[in-house]
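As structure tokens, the structure follows; a few thoughts come after it.
Side-chain atoms are counted along with the backbone in the values below, which use heavy atoms only and exclude waters and symmetry mates.
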Amino acid sequence: MHPLRKQRLIVVLLIVVGSSLAAFFIIYALQQNLNLFYEPSRVANGEAPIDRQIRVGGMVAEGSLIRQANSLTVNFIITDFAANVAVEYTGILPDMFAENAGTVVTGFLSESGTFFADQVLAKHDENYMPPEVSAALDSAKHKANQLDN
Amino acid sequence: MPNWQWFHRLGSPKWLLITLDRWLPWVLGLAFLTLLLSLIWGLAFTPPDYKQGDVFRIIYIHVPAAVVALAAYYAMAIAGAIAIIWRMKVADMVLRSIAPVGAVLTFIALFTGAIWGKPTWGTYWVWQDARLTSMLILFFLYLGIIALHDAFNGSASGQRAAAIMSLVGTVNIPIIYKSVDWWASLHQPASIKFTEESTIALEMFQPLMIAIPGFYLFCLAAVMLNMKVQIAHNSRNNSWMIEHAKIDS
């Protein structure tokens with residue numbers, strides 16, 4: 001290779017490696033801030049600030065969704081299967097919001113540990129399948145449970 | 001002794017223009033065929049998703065656009081590296097031809113994502129999300145490269161600055177790709193997996209596997225058209241170009 005071109009090649013490699021290193025250090029420093037939400041375990045560890053707007057995300061625990069009879073207020077529990085966060089929200093839930101599905105809520109964590117949400121989002125998972133397949137999976141699961149019992 | 005004739009021909013804008021003209025109808029035709037097939041299949045004949053219903057069908061636009069937007073960036077950065085190292089005029093034209101195509105693809109991915117986000121997440125957009133923000137940065141990178149390239153009246157310094165910026169921006173591509181795994185994000189992880197079984201049903205996956213090459217071909221055709229414009233612009237005062245333009249019109 002021509003020495004001048006070799007020199008330019010080294011410059012190109014230095015640019016790519018240098019900017020990657022710079023990006024790595026920035027991301028490393030900002031690691032925690034790049035998370036959109038706190039998982040329930042991190043809330044339980046006391047990592048989430050109290051009375052400041054934050055987001056908490058995880059699965060809506062099965063059987064935890066309670067709708068109040070004469071208002072739009074709902075209560076549910078967000079879990080990461082290691083810790084739980086109780087949430088209270090007044091408003092309309094997104095269509096895809098359901099028990100055993102992911103959610104991300106924005107709001108304030110109170111002293112008592114209850115999370116008062118002013119926005120509830122549904123987090124969709126990466127599973128894509130037709131309704132029949134889902135139904136077949138459910139019935140297979142059901143059968144397996146019966147066998148276990 | 002390898003035959004390097006094709007490589008030296010790349011330096012001839014006239015040869016390049018004729019070659020582009022010869023290949024363009026085939027690439028464009030194949031692109032339309034695959035896109036039409038995959039979109040009709042995906043939009044009309046694929047079963048709906050068990051949770052999202054018909055909204056999931058936006059995957060056949062959103063995912064191919066995002067995939068090709070990322071791949072196009074690498075292609076553009078490689079062209080930028082060649083332009084810097086070998087000072088090849090063609091490499092610079094490739095860089096300038098890919099940039100607007102990549103910008104449009106990134107915009108399509110962002111826009112379709114927002115349309116999908118409203119019925120599934122309950123919002124069009126969230127700030128502070130790693131995947132959404134890194135994709136927005138990609139959009140601005142593409143726009144910045146176009147702006148830099150055309151700055152200083154299209155002089156060599158502007159072109160070199162654009163090539164350097166394209167190299168610096170490469171770091172963003174793996175960040176976009178892995179953002180959903182590295183950080184807590186509202187965006188779901190990838191359904192198409194390379195090391196384990198994909199979490200998308202086969203009959204939904206098949207049209208997507210045709211849509212992705214379809215987007216690649218269509219974007220290749222768009223880049224080739226842009227190349228023709230670049231060649232025509234750069235050779236606008238040459239006698240062969242004036243003759244060529246007369247034959248074309």
I need the residue from A/Pro130, A/Gly102, A/Ala98, A/Gly18 with the largest number of non-hydrogen atom pairs under 4.5 Å to chain B. A/Pro130

Select one option (side chain, backbone, both, neither) describing which atoms of B/Ala77 are under 4.5 Å from chain A's heavy atoms. neither

I would like to know whether A/Leu121 and B/Leu186 meet side chain to side chain contact (heavy atoms under 4.5 Å, CB included); could you show each step before the answer? CA-CA 9 Å; A/Leu121 301 175; B/Leu186 189 56; 3.6 Å; yes

Atom CG in A/Leu13, atom CD1 in B/Ile85: separation rounded to 0.5 Å? 7.0 Å

Kindly write out the residues that satisfy side-chain contact (heavy atoms from CB on, under 4.5 Å) with A/Ala122, not counting sequence neighbours, or none if the list is empty. A/Pro94, A/Met96

Do chain B and chain A have donor-acceptor pairs under 3.5 Å, and which are they?
unit_1   : atom_1 : unit_2   : atom_2 : d
B/Asp49  : OD1    : A/Met129 : N      : 3.0
B/Tyr50  : N      : A/Met129 : O      : 2.8
B/Gln52  : NE2    : A/His124 : NE2    : 2.8
B/Ile85  : O      : A/Arg8   : NH1    : 2.7
B/Trp121 : O      : A/Ala122 : N      : 2.9
B/Gln128 : OE1    : A/Arg55  : NH1    : 3.1
B/Ala184 : N      : A/Asn35  : OD1    : 2.8
B/Ala184 : O      : A/Leu36  : N      : 2.8
B/Ser185 : O      : A/Lys123 : NZ     : 2.9
B/Gln188 : NE2    : A/Tyr128 : OH     : 3.1
B/Ser191 : OG     : A/Glu126 : O      : 2.7
B/Thr199 : O      : A/Tyr128 : N      : 2.9
B/Thr199 : OG1    : A/Glu126 : O      : 2.8
B/Ala201 : N      : A/Tyr128 : O      : 2.8

Proximity breakdown for B/Ile192 and chain A, heavy-atom pairs closer than 4.5 Å: neither

Which portion of B/Pro174 sits near chain A, non-hydrogen atoms under 4.5 angstrom: neither

Across all chains, not counting sequence neighbours, the side-chain contact (heavy atoms from CB on, under 4.5 Å) partners of B/Ala69 are B/Leu105, B/Thr106, B/Met135, B/Leu138

Can you establish whether the number of heavy atoms outside A/Phe116 located under 6.0 Å from its atom CZ is more than 12? yes

Does anything in residues 60-80 of chain B pair up under salt bridge (Lys or Arg N to Asp or Glu O under 4.0 Å), and if so which pairs, sequence neighbours excluded? none

Working to the nearest 0.5 angstrom, can you tell me the gap between B/Ile175 CD1 and A/Ile27 CD1? 3.0 Å

For the candidates B/Ala81, B/Pro48, B/Ala130, B/Gly117, which exhibits the highest count of non-hydrogen atom pairs separated by less than 4.5 Å from chain A? B/Pro48

CG/B/Leu43: more than 12 non-hydrogen atoms of other groups inside 6.0 Å: yes

Choice from A/Val16, A/Leu4, A/Val104, A/Leu34 maximising heavy atom contacts with chain B below 4.5 Å: A/Leu34

